[in-house]
Amino acid sequence: MEGELGRLYQRWSETLTQALAHLEAYIDFSEDDNVEEEVLAQVDAAVRALAQELGAHLQDGRRGELLRGGVHAVIAGPPNVGKSSLLNLLCEWGAGGAAGQRPAAIVSPAAGTTRDVVEVSLNVTGYPVVLSDTAGLRDATDPVEREGVSRARDRLQRADLVLAVLDATAVPAEPAALGAAVGSLVPPAAPCILVLNKADLLRGEAGALRAACAQGPPVPPATLLSCKTGDGIERLLELLGQQLAQLCGDPLAGSPSLTQRRHSQHLGDCAAALGGYGRHRPRDLGLAAEQLRLARRHLGRITGHVGAEDVLDIIFRDFCVGK
């Protein structure tokens, strides 16, 4: 493997190889060849630092996957609150605000128009987004609409980001009630933006709603919007940009991002083996060493090189054994 990621993984491989060699030297030669007790402390410190760095890299790797495949954002809410209108508005802005942009979703005043998931790919503030419009969430009686609601709930469970849409004219201007309304729609751990649509129909309530939105938790990042007039779209795009930056990070800053699912699997297995080292280390050094061998093998499936002779070379280089 070449490039910056290749160099990073090679460095980790060398760290693992040295840690394993020093541990094996301690196990095999500590009594006869004066391998110091401090060698174990050095191995522990190296493995602990590598585990922390690997964990951070795996977290960044999720960001790499999002940059490669797009952030899956789901528009969700009750029927007839403007979800499809929001999809069309974002598509229009994604096309540079082109007035002639063809709508992506059918819009109707009748509740329950959207029965299936409508999906479009957009560039939002420089980040790739796969945006899904879903059926209105309610207890449907029609079999087709029930299936649409089921698909909507499934998409919500898998979403990276949720745009929770509510009717601004039908919600209380009270933070706890707004938070409860969002909580009834969105999975607890999902990043979310609350969009209070139909703001053009508000009269004196707009100020109170804006104040409630600015309170913070239990209200997620929120904005008033009119899909009809477009008023509020700039603020929504600003909130989207902030959420996308948190999810994806800055692709131009920091360490190189993991972008291949296969590599992510091997690195996850490597991290698990390092965790196994920590569990076995106090009780059985032989089992702890086997966990380092396992971690090294998993990493070698990415770097393409795992050799037992490397371990022996380090033992003879760093310790006066067999001489």
Side-chain angles (χ1 to χ4, degrees), residues 62-94 102-108 110-125 127-167 171 178-197 219-223 225 227 233 236-237 239-248 261 264:
R62 174 58 182 153
R63 293 176 171 180
E65 288 183 18
L66 292 176
L67 286 170
R68 179 170 53 87
V71 174
H72 287 263
V74 174
I75 301 174
N80 210 26
V81 294
K83 299 183 300 297
S84 297
S85 297
L86 176 58
L87 177 71
N88 291 336
L89 182 62
L90 288 171
C91 286
E92 181 180 321
W93 276 81
R102 181 180 177 184
I106 297 171
V107 175
S108 166
T113 301
T114 303
R115 300 295 183 93
D116 205 350
V117 177
V118 179
E119 190 175 89
V120 295
S121 296
L122 298 173
N123 182 311
V124 179
T125 66
Y127 294 97
V129 175
V130 180
L131 185 63
S132 300
D133 179 26
T134 59
L137 300 175
R138 66 175 176 180
D139 295 327
T141 55
D142 178 81
V144 178
E145 187 181 358
R146 267 204 313 269
E147 176 61 25
V149 172
S150 175
R151 295 185 183 188
R153 296 191 188 281
D154 179 65
R155 282 297 177 101
L156 272 173
Q157 293 298 323
R158 296 184 284 120
D160 300 311
L161 176 64
V162 178
L163 301 183
V165 185
L166 296 174
D167 184 341
V171 294
L178 282 177
V182 173
S184 68
L185 299 173
V186 180
C192 174
I193 296 173
L194 172 59
V195 181
L196 296 175
N197 188 35
V219 182
T223 185
L225 175 71
C227 288
I233 185 64
L236 175 57
L237 291 173
L239 291 176
L240 269 172
Q242 292 170 1
Q243 290 286 338
L244 292 171
Q246 289 182 18
L247 287 167
C248 299
R261 192 174 298 275
S264 179

Pro191 vs Gln246 side-chain heavy atoms within contact, under 4.5 Å: no
Taking every heavy atom of Pro220 against every heavy atom of Leu194, the minimum-distance pair comes out as CG-CB, 4.0 Å
Inter-residue atom distance Ile233.CD1 - Leu89.CG, 0.5 Å rounding: 4.0 Å
How about Thr134 and Arg155: does a side-chain donor come under 3.5 Å of a side-chain acceptor? no
With a 4.5 Å limit on heavy-atom distance, are the side chains of Leu166 and Leu185 in contact? yes
Any side-chain heavy-atom pair of Leu240 and Leu163 under 4.5 Å: yes
Do Ile75 and Ser84 have side chains that get closer than 4.5 Å, going by heavy atoms? no
Can you name the nearest heavy-atom pair linking Ala164 to Cys192, along with the distance? CB-SG, 3.9 Å
Please report the shortest heavy-atom distance between Cys91 and Leu122, naming the atom on each side. CA-CD2, 3.9 Å
Please name all residues satisfying side chain to side chain contact (heavy atoms under 4.5 Å, CB included) with Asp154, sequence neighbours left out, ordered by chain then number. Arg158
State which residue, out of Leu87, Val81, Asn80, Leu86, fulfils the side-chain contact (heavy atoms from CB on, under 4.5 Å) condition with Lys83. Val81
If you compare all heavy atoms of Asn197 against all heavy atoms of Cys227, which two are closest, and at what distance to 0.1 Å? OD1-N, 3.0 Å
Rounded to the nearest 0.5 Å, what separates atom CD in Glu119 from atom CG in Leu131? 9.0 Å
Run the side-chain contact (heavy atoms from CB on, under 4.5 Å) check on Val71 and Val124 step by step: do they pass? CA-CA 10 Å; Val71 174; Val124 179; over 6 Å; no
So, using side chain to side chain contact (heavy atoms under 4.5 Å, CB included) as the criterion, who are the partners of Thr125 when residues are at least two apart? Tyr127, Leu244
Can you check whether Pro78 reaches Leu137 side chain to side chain, under 4.5 Å on heavy atoms? no
For Val149 versus Gly136, what's the shortest heavy-atom pair and its separation? CG2-O, 3.3 Å
Qualifying residue, where the test is side-chain contact (heavy atoms from CB on, under 4.5 Å) with Leu90 and the options are Val129, Asp133, Leu237: Leu237
Partners passing side chain to side chain contact (heavy atoms under 4.5 Å, CB included) against Ala190 (at least two apart in sequence or in another chain): Val162, Val186, Pro187
